[in-house]
Structure formats: C-alpha cells, structure tokens
Amino acid sequence: MTGVSRGAPYARFRLPGTRGSIELYREDGLVGLGRRAKPRSLDVIVTSPPYNLGQPYTTYRDRRPRNEYLRWIGDLAAAVDRALSGRGSFFLNVGSPPRDPWLAWDVAREVGKTFVLQNVLHWVKSIAIERRFAGRAAGLGRDVALGHYRPIASSRYVHGAHEYIFHFTRRGDVSIDRLALGVAYQDPSNVHRWRSGRDRLRCRGNTWFLPYATIQRRSRDRPHPASFPPELAEWCIRLHGRLRVRRWADPFVGIGSSAVAAVRTGRPFLGFDIDAAYLAVARDRVRAALERGEGGFSSSSGPGRSRPAAGSTRASAPS
Ligand SMILES: C[S@@+](CC[C@H](N)C(=O)[O-])C[C@H]1O[C@@H](n2cnc3c(N)ncnc32)[C@H](O)[C@@H]1O
C-alpha cells in the first residue's frame, strides 16, 4: 500500500470532445479501484501487474513467496470483480520467463476462480519470417526478423519473445468487435466465400505482433523495467468495442501506456501506480499525446491503417 493517497489525482486531463477525463492517482491500484470507481461502473480493465520476478522497480519490491503473490493476484481479481460492469472485459497481460513457464498460467488460474477465461491472446514481440512462407503477395525481398526481445544467456532455453493477454469476462459470453482489429485479406478474390469477408477484412486472430519501439537510451526513452506499448491497451479497448466503453482503468499504470491509449481511443480513464517517478513520466506522455493531437478515434490506428509501434514505450518483459 505504499504511496496510498486519499487526495486529489496526481494528474488530471480533460479528454477532448468528451465530458470525461484521464485521471492518474498515486495510490494502491486495488484500493483505488474500490475508492475511485463505483461498483460495476468500469467497462474494461487492462493491466499488467508485477510478475514477481525481481524486476528493479523503483518503489515496489517484486519478489515474494509464490503463494503470497498468488493470493495478492486473487485480491486483484476481487477488486476487479467489484468495479467491472456486467458485460465488462478484464484484459490481463502476464508473461512467463523461460525458466518458469507456468507463472503466467498460475496467475490465470488464480483469476479464473473469479472470472471466465474467454480469449487467450498472444502478444508477439519479435518474429522471424522467411520470405518463402510470406508468399509473393507480401512482397518480401528477403527473410526478415522483426521486433526486439530481451536476450538471455542460456544453453537450455530459447529467448522469450511473447507474453499472454488473458481476456476474462464474467460468463465467457461478452460480444467483441473482432473486425475493429481486422486485417485485409491477402487474396481479396476469395472474400465472397466468407461472410466475415465484408469490408474485405478478416479477424486478426489471437496473435498480436506489437514490437517494442527501438530506443537509444532507456533512462530517457523508456524509464521503466516492464512497460507495454500503448497499442496493446488500445487494441484491447477496440476489441471490446470502443463505443461500449464508458470508463476504463489500469490499476498498475506504470509510465502510462494505458493512459496514452485512453487519449487515442478517447475513452475516460483511471490509472493508478504507487510510484511517483513513473507517474511523472505517465503525466508527461499523456500531455505530449494530447499536444500531438492523438486524441480522437479518427487519428487512431484502425484496420488497414495500423499505427506503427514507434513512440510506444515498450519494455522488454522479463525473460
Ligand atoms: C508491469 S508494471 C506496469 C507497466 C505499465 N503497463 C506500463 O506500460 O508502464 C507494474 C507496475 O505496478 C506498480 N505497482 C506495484 N504494486 C502496485 C500497487 N499495489 N498498486 C499500484 N501500482 C503498483 C509498479 O510500480 C509498476 O509500475
């Protein structure tokens, strides 16, 4: 509960074109969800909790006995249960290091005591594609290796280049807007064969390639050991159905990737972190996104006009 504050938000921004706002609190996220949101009032929660891997966060100590950690994840699920609306979505990003592959699933199992696991999405940070598999339509001139991951020195394990985004709902029956993240058919001549071929888009599926932006200096460009890119939260909102989101939250907002997604999607937002230094970065990123005119859905990445991950604050997940 370090840094709990009962007072005003650490930072507050009006969302252009709406009556809503983006509010950042220096507060325990579990407590904050209960204190700042009415019961069943949030339509989406997107978050990435600490993974209990000893990450060097400035304030939080990221190493406790596994049982104690999982009990705390259960407390998080209870806090989300109270705040989430009946048809809401809880998107939980967790990764496992190669040496502890069950970690993410242990977390998912714990949350699964409260919610139904509706979708398992794979956040792919890096992928190598061979030209011959890409097909002629892709126009690749050579094999490519895209994105970044944190390399490990090991003769046993391959690098961890992906994490999970577990999509939990109350009963596993929440409608989602699959074509909001749709991708163009490679061969449009076959489109008429599938009903979902309308608009020449098909469902993206459960692999989301969202690379970290290339950075020059971590302390300046991504001052956090485990952030995700704004696009990850943005895509969760769009998959749930942007216009169905009255208000949403991230109880572990870090340097504000979800808050930037709130600017881009134009949906009112609550973010919490116990660390003032991270919140200062979050505040500056939201301000910069608003100044750049990223507010409003029309400027956001949509099917066929995906925003590159440049400018995202991507940090490598623990591997
Ligand atoms: C995995 S990081 C989230 C990073 C975030 N998604 C981003 O892109 O910047 C977890 C964050 O949880 C914060 N944290 C740890 N315990 C907390 C608590 N009880 N309440 C709120 N924040 C907490 C840490 O300071 C850290 O920034």
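Order of appearance sets the numbers: ligands from 1, and atoms from 1 within every ligand. We count residues from 1, following the sequence as given.
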Quiz item: What do we get for A282 next to ligand 1 when only non-hydrogen atoms under 4.0 Å count, side chain, backbone, both or neither?
Solution: neither
Exercise. Could you list the atoms of ligand 1 found under 4.0 angstrom from a heavy atom of S257?
Key: 7 (C), 8 (O), 9 (O)
Quiz item: Which of the atoms of ligand 1 are close to S48, meaning less than 4.0 Å from one of its heavy atoms?
Solution: 1 (C), 2 (S), 3 (C), 10 (C)
Quiz item: Taking both backbone and side-chain atoms of L30, is any N or O found less than 3.5 Å from an N or O belonging to ligand 1?
Solution: no
Exercise. For ligand 1, find out whether one of its N or O atoms is nearer than 3.5 Å to an N or O atom of D273.
Key: yes
Practice problem: Heavy-atom contacts with Y278 under 4.0 Å: which atoms of ligand 1 show up? List them by number with element. | Solution: 25 (O), 27 (O)
Quiz item: Between A134 and I129, what is the shortest heavy-atom contact and its length?
Solution: CB-CG2, 4.0 Å
Quiz item: Is D250 in polar range of ligand 1, meaning some N or O pair under 3.5 Å apart?
Solution: no
Quiz item: What's the shortest heavy-atom distance between H162 and V124, and which atoms?
Solution: CB-CA, 4.3 Å
Self-check item: Side chains of Y157 and P97 in contact at under 4.5 Å (non-hydrogen atoms)
Solution: no
Exercise. For the pair R200 (side chain) and A184 (backbone), establish whether a donor and an acceptor sit closer than 3.5 Å, ignoring hydrogens and angles.
Key: no
Self-check item: Ligand-side contact atoms (ligand 1) for residue partner H224, heavy atom cut-off under 4.0 Å
Solution: 2 (S), 4 (C), 26 (C), 27 (O)
Exercise. Check whether any heavy atom of T59 sits under 4.0 Å from an atom of ligand 1.
Key: no
Practice problem: For D143 and E130, indicate whether the former's side chain and the latter's backbone hold a donor-acceptor pair under 3.5 Å. | Solution: no
Quiz item: Quick one: is the NZ or CZ of R204 closer than 6.0 Å to the six-membered ring centre of W235, and within 45° of its axis?
Solution: yes
Quiz item: What part of E27 sits under 4.0 Å from ligand 1 if we count only heavy atoms: the side chain, the backbone, both or neither?
Solution: backbone
Quiz prompt | Numbered atoms of ligand 1 (with element) below 4.0 Å of V253, judged on heavy atoms | solution = 5 (C), 7 (C), 9 (O)
Quiz prompt | Carboxylate-amine/guanidinium proximity below 4.0 Å for D284 and R287 | solution = yes
Quiz item: So is D28 polar-close to ligand 1, meaning N/O to N/O under 3.5 Å?
Solution: yes
Quiz item: Considering residues at least two apart in sequence or located in another chain, which fulfil the salt bridge (Lys or Arg N to Asp or Glu O under 4.0 Å) criterion with R12?
Solution: E23
Practice problem: Between Y60 and ligand 1, find which residue part has any heavy-atom pair under 4.0 Å and reply side chain, backbone, both or neither. | Solution: side chain
Quiz item: Looking only at N/O atoms, are I255 and ligand 1 under 3.5 Å apart anywhere?
Solution: yes
Quiz item: Which is it for P251 and ligand 1 at heavy atoms under 4.0 Å: side chain, backbone, both or neither?
Solution: backbone
Quiz item: Counting heavy atoms only, which part of F252 comes closer than 4.0 Å to ligand 1: side chain, backbone, both or neither?
Solution: both
Quiz item: Can an N or O of P49 be found at a distance shorter than 3.5 Å from an N or O of ligand 1?
Solution: no
Quiz item: Side chain or backbone of N93 under 4.0 Å from ligand 1, or both, or neither, by non-hydrogen atoms?
Solution: neither
Quiz item: Is a side-chain donor or acceptor of Y25 paired with a backbone partner of R36 at a separation under 3.5 angstrom?
Solution: no
Quiz item: What heavy-atom pair brings S175 and R87 nearest, and what distance separates the two atoms?
Solution: N-NH2, 4.3 Å
Quiz item: Would R66 and D100 pass as an ion pair if we require N to O under 4.0 Å?
Solution: yes
